[in-house]
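Below you'll find the structure, written out as structure tokens, and then a few comments.
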Amino acid sequence: MFSETWMADVAKDLASGTVGGVAQLLVGHPFDTIKVKLQSQPAPVPGQPPKFSGAMDAVRQTLAAEGPRGLYKGMGAPLATVAVFNAVLFTVRGQMETLLRSEPGVPLTVGQQIIAGAGAGVAVSFLACPTELIKCRLQAQSAMGDTGAVAVAVKYGGPMDVAKQVLRSEGGARGLFKGLVPTMAREIPGNAAMFGVYEAIKQFLAGGQDTSGLGRGSLMAAGGLAGAAFWGAVYPTDVVKSVIQIDDYKNPKFSGSIDAFRKILASEGAAGLYKGFGPAMSRSVPANAACFLAYEVTRSSLG
């Protein structure tokens, strides 16, 4: 039913994607923690300053209150699933490449890589949504605690506790997929942009479609810029996703993604859709440089 070559290619993509994902997570998670804290802090009372004045203030407050471990809060959920997530991302992208390739061994165009990235984005959305929900709730706890709802700050004991509480009190498995629409609206165009830019930069640096001779520095540069392209394309969608996923189940502030978008614009202006943008972009360059380099080196070593 499946050829040995096909199975070998899938196995190589699975292994390489896993290594790339671990590298991305270790480098990027502290930046992601600060991004979510900035996104999820409540709008300040008129005349009062916000909880965090900016990214560096969020870092200082997190280190003072929780120590270095605070920057890695919520990493359990993505660490537990990063192997599956990145394995699926790179494997589906690899299979899309096979479908789009005119004949074996022919390099894909930038346009074809965009299509492959979009297809991979569809697949990983279903993995990203529950993982992101757990991560965002853990990361947002301390930021939300200053509203006076002390119980919110200590509501969850860890990733498994989040999952258990959501399954028990928020509609079962459906509760873990809260925010699926904005997650797909992030992952599909975001991955299309990321893989398209990655291929475009590689071809530019190589001077043509054959990019097999590029060194590690070039791969890191292409990966870093690709990651920046992901967030540059979809960041407001990520803000909407985050506020939807941490919204209270019994007394929600938002009826859906469009309502969240409108309310953020009304209360905070366009700047509200870019809360945490600095940390996200700061994270995306080194994290994706590490991810793509680890993927390419592992994939090449496997033959």
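We use all heavy atoms of the structure for the numbers below, so side chains are in, but hydrogens, waters and symmetry mates are not.
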Common cluster, Ile188/Ile258, ILVMFWY with side-chain heavy-atom separation under 4.5 Å: no
Tightest non-hydrogen contact, residues Ala287 and Gly28, listed as CB-CA, 3.9 Å
Looking at side-chain heavy atoms only, is the closest gap between Leu108 and Arg101 below 4.5 Å?
yes
Query - Sidechain N-carboxylate O distance under 4.0 Å for Asp13, Arg299 - result: yes
For this session: Begin from the C-alpha positions of Lys37 and Thr33 and carry the test side chain to side chain contact (heavy atoms under 4.5 Å, CB included) through to its verdict.
Result: CA-CA 6 Å; Lys37 286 196 173 195; Thr33 296; 4.2 Å; yes
- Query: Within a reach of under 6.0 Å around CG of Leu167, are more than 12 heavy atoms found that belong to other residues, nucleotides or ligands?
  - Reply: yes
Any Ile201 side-chain heavy atom under 4.5 Å of Val197 side chain
yes
Less than 4.5 Å apart, side chain to side chain, heavy atoms only: is that true for Gln113 and Met96?
no
Any side-chain heavy-atom pair of Lys51 and Gln61 under 4.5 Å: yes
Rounded to the nearest 0.5 Å, the CD1 atom of Ile114 sits from the CD atom of Glu199 at a distance of 10.5 Å
When Tyr295, Phe85, Tyr198 are each screened for ring-ring contact (aromatic ring centres under 6.0 Å, His included) with Phe90, the one that passes is Tyr295
Name the atoms and distances for all side-chain donor-acceptor pairs under 3.5 Å in residues 204-211, with sequence neighbours left out.
residue	atom	partner	partner atom	Å
Asp210	OD1	Ser212	N	3.2
Asp210	OD1	Ser212	OG	2.8

### Task
Would you please test Leu273 and Glu268 for side chain to side chain contact (heavy atoms under 4.5 Å, CB included) and show each step?
CA-CA 8 Å; Leu273 293 169; Glu268 303 175 61; over 6 Å; no
- Query: Heavy-atom distance under 4.5 Å between the side chains of Gln203 and Thr109, does that happen here?
  - Reply: no
Q. Looking only at atom types and distance, does a side-chain atom of Gln165 sit under 3.5 Å from a main-chain N or O of Lys155, one as donor and one as acceptor?
A. yes
Inset, instruction - Kindly indicate whether the side chain of Asp32, heavy atoms from C-beta on, has any atom under 4.5 Å from the side chain of Lys135. - result: yes
- Are the side chain of Ser300 and the backbone of Glu296 linked by a donor-acceptor contact shorter than 3.5 Å? no
Mark yes when over 12 heavy atoms from residues, nucleotides or ligands other than Tyr274 sit less than 6.0 Å from its OH; otherwise mark no.
no
Taken to the nearest 0.5 Å, the spacing of Met220 CE from Arg216 CZ works out to 10.0 Å
Practice problem: Apply the test side chain to side chain contact (heavy atoms under 4.5 Å, CB included) to residues Asn288 and Phe230: give CA-CA distance (whole Å), side-chain angles for both, the deciding distance (0.1 Å), then the verdict. | Solution: CA-CA 10 Å; Asn288 283 283; Phe230 181 105; 6.0 Å; no
For Phe52 and Asp57 the tightest heavy-atom approach is CA-OD2, 3.4 Å
Smallest heavy-atom separation, Thr18 atom then Ala87 atom, equals OG1-CB, 4.0 Å
Please tell me whether Val297 and Val27 are part of a single hydrophobic cluster in this structure, the criterion being side-chain heavy atoms less than 4.5 Å apart.
no
* Asked: Is Val19 reachable from Leu219 through a run of I, L, V, M, F, W or Y residues, each pair having side-chain heavy atoms under 4.5 Å apart?
  -> no
| request: Decide side chain to side chain contact (heavy atoms under 4.5 Å, CB included) for Asp238 and Lys35; before the verdict, give the C-alpha distance in whole Å, the side-chain angles of both, and the deciding distance to 0.1 Å. | output: CA-CA 10 Å; Asp238 184 66; Lys35 171 182 73 74; 2.9 Å; yes
Problem - Val181-Val234 co-clustered via ILVMFWY side chain contacts under 4.5 Å - result: no
Within the structure provided, determine whether Thr298 and Lys12 are in side-chain contact (heavy-atom separation under 4.5 Å).
no
Practice problem: Without swapping roles, check the side chain of Tyr235 against the backbone of Phe277 for a donor-acceptor pair under 3.5 Å. | Solution: yes
Between His29 and Lys73 the two heavy atoms that sit nearest each other are NE2-O, 2.9 Å
All heavy atoms of Leu176 vs all of Ala163, minimum pair found to be CD2-CA, 4.3 Å
- Message: When you group the ILVMFWY residues by side-chain heavy-atom contacts below 4.5 Å and let the links chain together, are Val92 and Val84 in the same group?
- Response: yes
d(Cys129 SG, Lys241 NZ) to nearest 0.5 Å is 7.5 Å
dist Ser53:OG -> Arg60:CZ (nearest 0.5 Å) comes out at 6.5 Å
Rounded to the nearest 0.5 Å, the CD atom of Glu187 sits from the OG1 atom of Thr237 at a distance of 10.5 Å
Taking every heavy atom of Ala260 against every heavy atom of Val243, the minimum-distance pair comes out as CB-CG2, 4.1 Å
For this session: For the pair Glu132 (side chain) and Ser242 (backbone), establish whether a donor and an acceptor sit closer than 3.5 Å, ignoring hydrogens and angles.
Result: no
The reported gap from CZ in Phe195 to CG in Leu89 (rounded to nearest 0.5 angstrom) is 4.0 Å
Check your understanding: Side-chain contact, heavy-atom cut-off 4.5 Å: Arg186 with Trp231?
Key -> yes
